[in-house]
A.B. asks: 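Structure provided below as structure tokens; questions to follow.
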Amino acid sequence: MKAINVGLLGIGTVGGGTYTVLKRNAEEISRRAGRPIRITMVADKNLELARSVTGGEVALTDDAFAVVSNPEIDIVVELIGGYGIARELVMKAIENGKHVVTANKALLAVHGNEIFSAAQKKGVMVAFEAAVAGGIPIIKALREGLTANRIEWLAGIINGTTNFILSEMRDKGLPFAEVLKEAQALGYAEADPTFDIEGVDAAHKATIMSAIAFGIPMQFDKAYVEGISKLDAVDIAYAEQLGYRIKLLGIARKRDSGVELRVHPTLIPAKRLIANVEGAMNAVLVQADAVGATLYYGKGAGAEPTASAVIADLVDVTRLHTADPEHRVPHLAFQPDQVQALPVLPIEEVITSYYLRMRVADKPGVLADITRILADSDISIEALIQKEAAEGESHTDIIMLTHQTVERDANAAIGRIEALPVVQGQVTKLRMESL
Ligand code: HSE
């Protein structure tokens with residue numbers, strides 16, 4: 001049977017993995033897809049690299065637009081990344097009637113509404129399994145496997161770099177900056193790791209998952225994003241003493257008034273399976289009304305794990321490209337005219353529990369003053385530890401876990417606690433989820 005022709009934009013780590021796996025498993029993949037899937041053209045600025053990966057078996061160019069305009073190409077695989085040239089190329093490919101497979105979470109989280117609308121009009125598919133959690137088929141699960149359910153919330157460890165850093169900080173009791181250097185030396189963190197450590201990468205992925213889970217537009221600009229660069233190793237240690245681990249979670253939760261969409265370091269009970277996802281691994285926990293909780297675990301990055309997701313999309317597109325566009329699985333799980341403009345709630349309206357650490361004078365009445373403020377704000381304390389003051393020290397740490405409250409009320413109470421003369425400096429606040 002005639003092969004379907006694929007044009008690859010970018011043959012770096014993931015592109016190279018895609019080329020290798022597609023070649024190695026060609027027979028198996030073709031048996032599944034119903035016809036061979038062949039990369040016939042590759043665009044990369046580094047032609048030498050492209051030649052070394054492909055062994056000169058396919059047409060090479062350093063002009064990606066030559067691929068998206070080539071009438072022989074059926075599917076364009078965009079692995080360039082970012083929202084500059086990648087956006088132009090994806091839009092051009094759609095305009096030219098080509099199906100698109102992309103791993104570009106930043107592009108979809110920021111410009112997805114425009115891209116999916118253009119694809120819908122043109123009757124082409126834009127597939128993006130590799131954009132979230134690398135090799136874990138979480139898009140397929142949310143869009144198809146859980147289609148009977150009302151999805152209530154999801155929480156994911158969706159950035160391997162930060163999970164590696166947090167695991168090392170906990171294991172070795174090291175500060176963030178030191179572990180970041182180690183992560184960079186090992187190749188886990190980019191030379192400019194900002195998107196990873198400041199939570200932006202996780203927020204892109206959480207935004208995409210929220211859209212598919214709840215049938216809402218991409219609203220990355222409304223997501224609350226807080227990374228791990230300010231996390232103190234002492235809080236990881238205190239959390240451990242209280243039976244919790246700190247993970248950078250991407251959380252999306254549907255509430256009556258809107259959607260919570262947030263990324264931040266989060267205390268989760270150490271006994272939860274997801275709390276034990278260590279190193280650079282990823283996992284997503286989904287709570288849905290019929291099935292209950294399901295957990296998806298695997299490699300969130302790397303050449304072949306990500307290629308696994310890219311090729312799964314290639315097979316899907318190959319199977320469905322002759323189908324009437326109306327009868328394909330909708331890009332964002334819900335029919336396009338059924339997408340609801342539910343607002344993303346501001347962080348002050350989020351309802352969660354809190355870990356609070358404060359440095360206080362070690363004298364009578366201090367704890368009573370603090371608990372009075374919390375009681376006045378209707379914030380209930382779940383657990384509390386007070387460390388014995390160190391030899392010769394007049395101050396000590398108090399650590400509290402609260403029950404659920406609205407973030408605005410928690411912030412107001414924290415402001416009043418910080419104003420107490422017996423409290424030194426600022427209160428450290430971390431959010432906590434029981435999952
Ligand atoms: N930079 C991402 C991570 C991998 O650290 O998980 C690609 O999404």
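Read the numbers this way: they start at 1 and go in the same order the structure lists the ligands and their atoms. The analysis underlying the following values was restricted to heavy atoms, covering all of them including side chains, and did not include hydrogens, waters or symmetry mates. Position 1 is the first residue of the sequence, and the numbers go up from there.
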A.B. asks: Between Asp201 and ligand 1, which part of the residue brings a heavy atom under 4.0 Å of the ligand: side chain, backbone, both or neither?
C.D. replies: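 The part of Asp201 near ligand 1 is the side chain, not the backbone.
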A.B. asks: Provide, to 0.1 Å, the distance between atom 6 (O) of ligand 1 and the closest protein heavy atom, together with that atom's residue and name.
C.D. replies: Gly160 N, 2.6 Å
A.B. asks: Does Arg328 have more than 12 heavy atoms from other residues, nucleotides or ligands lying within 6.0 Å of its CZ?
C.D. replies: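 Result for CZ/Arg328: enclosed.
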A.B. asks: Ignoring hydrogens and angles, state whether a donor on the side chain of Glu278 or Ser167 is under 3.5 Å from an acceptor on the partner side chain.
C.D. replies: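 Side-chain D/A pair, Glu278 to Ser167: present.
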A.B. asks: Given salt bridge (charged side-chain N to carboxylate O under 4.0 Å, His left out), test Glu407 with Lys429 step by step and report yes or no.
C.D. replies: CA-CA 11 Å; Glu407 178 125 348; Lys429 175 187 84 181; 2.8 Å; yes
A.B. asks: For ligand 1, which part of Thr161 has a heavy atom less than 4.0 Å away: the side chain, the backbone, both, or neither?
C.D. replies: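 Near ligand 1, Thr161 shows its backbone as well as its side chain.
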A.B. asks: Please check whether Ala301 reaches ligand 1 - meaning an N/O of the residue sits under 3.5 Å from an N/O of the ligand, judged on distance alone.
C.D. replies: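 In fact, backbone or side chain, Ala301 has no N or O that close.
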A.B. asks: Side chains of Thr405 and His403: is there a donor and an acceptor less than 3.5 Å apart?
C.D. replies: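 Note: Thr405 and His403 side chains miss the donor-acceptor criterion.
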A.B. asks: Side chain or backbone, does Lys105 bring an N or O within less than 3.5 Å of an N or O on ligand 1?
C.D. replies: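 Yes, since at least one N or O of Lys105 sits under 3.5 Å from an N or O of ligand 1.
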A.B. asks: What protein heavy atom sits nearest atom 1 (N) of ligand 1, and how far off is it?
C.D. replies: Asp196 OD1, 3.0 Å
A.B. asks: Check whether the side chains of Thr352 and Tyr354 place a donor and an acceptor atom closer than 3.5 Å, and report yes or no.
C.D. replies: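 No pair is found: no donor N or O on one side chain lies under 3.5 Å from an acceptor on the other.
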A.B. asks: In ligand 1, which numbered atoms sit nearer than 4.0 Å to a non-hydrogen atom of Asn159?
C.D. replies: 1 (N), 2 (C), 3 (C), 5 (O), 6 (O)
A.B. asks: Would Arg255 and Glu349 pass as an ion pair if we require N to O under 4.0 Å?
C.D. replies: no
